[in-house]
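Working notes, beginning with the structure itself.
Atoms considered below: every heavy atom in the structure, side chains included; atoms not considered: hydrogens, waters and symmetry mates. All of these numbers come straight from a predicted model, not from anything done at the bench. Just so you know, ligand 1 is whichever comes first in the structure, and atom 1 is the first atom listed for that ligand. All residue numbers refer to positions in the sequence shown, counting from 1.
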Amino acid sequence: MEKLSEQEVRSFLVQAVGWQLVEDKWIEKKYRFDDYLKGIDFVQNVARLAEEINHHPVITIDYKLIRIKLFSWDANGLTELDCQLAKQYDNMYEAP
Ligand SMILES: C[C@H](O)[C@H](O)[C@H]1CNC2=NC(N)=NC(=O)C2=N1
């Protein structure tokens, strides 16, 4: 996996609604649900996809708020895979 340049990360973030760079390292997004178990279903789907493509986000469950953080350990940076997954999570999410 090729590490993205700062410019590439920035051009991803300007068009990725709700995603932001945190600690100058991760891209993160918070998904809000109107029902706790809907959030857990979303986490299940995120986790299944992670296993399927062997790329695992940090997932934080805070009641109805699910926080997803992406980073590519192997590249020690952000990669195209992180950006692709971010878009896939957005497609999986149905805003309440
Ligand atoms: C050995 C295993 O394939 C690697 O450690 C995979 C597992 N899941 C991963 N997840 C993430 N986020 N980044 C990686 O570089 C990564 N590498």
What's the shortest distance from [atom] to any protein heavy atom, and which residue and atom give it?
atom                    : answer
atom 8 (N) of ligand 1  : H56 ND1, 2.8 Å
atom 17 (N) of ligand 1 : D74 OD2, 3.1 Å
atom 3 (O) of ligand 1  : N54 ND2, 2.5 Å
atom 16 (C) of ligand 1 : W73 CE3, 3.4 Å

Is it true that R48 and E52 make a salt bridge, defined as a side-chain N closer than 4.0 Å to a carboxylate O?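 The answer is no: the pair does not qualify as a salt bridge.
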
Looking at D41, D34, D35, which hits salt bridge (charged side-chain N to carboxylate O under 4.0 Å, His left out) with K38?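 Option passing the salt bridge (charged side-chain N to carboxylate O under 4.0 Å, His left out) with K38: D34.
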
Would F71 count as a polar contact of ligand 1, with the cut-off being nitrogen or oxygen pairs under 3.5 Å?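 N/O-N/O distance below 3.5 Å exists for this pair.
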
Sub-4.0 Å protein heavy atom next to atom 11 (C) of ligand 1: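 Answer yes: something from the protein, a heavy atom, is under 4.0 Å.
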
Within ligand 1, which atoms have a heavy atom of S72 less than 4.0 Å away?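 Per the distance check, 13 (N), 15 (O).
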
For the residue pair K30 and Q20, confirm or rule out a side-chain donor-acceptor distance under 3.5 Å.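 No donor-acceptor contact under 3.5 Å links the two side chains.
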
Is a donor from one side chain sitting under 3.5 angstrom from an acceptor on the other, for Y31 and D90?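 Short answer, yes.
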
Could you label the plane-to-plane angle of the F42 and Y93 rings as parallel, tilted or perpendicular, counting under 30° as parallel and over 60° as perpendicular?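 It falls in the perpendicular class, over 60°.
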
Just wondering, do K3 and E8 contact through their side chains at under 4.5 Å, heavy atoms?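 SC-SC contact between E8 and K3 ruled out.
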
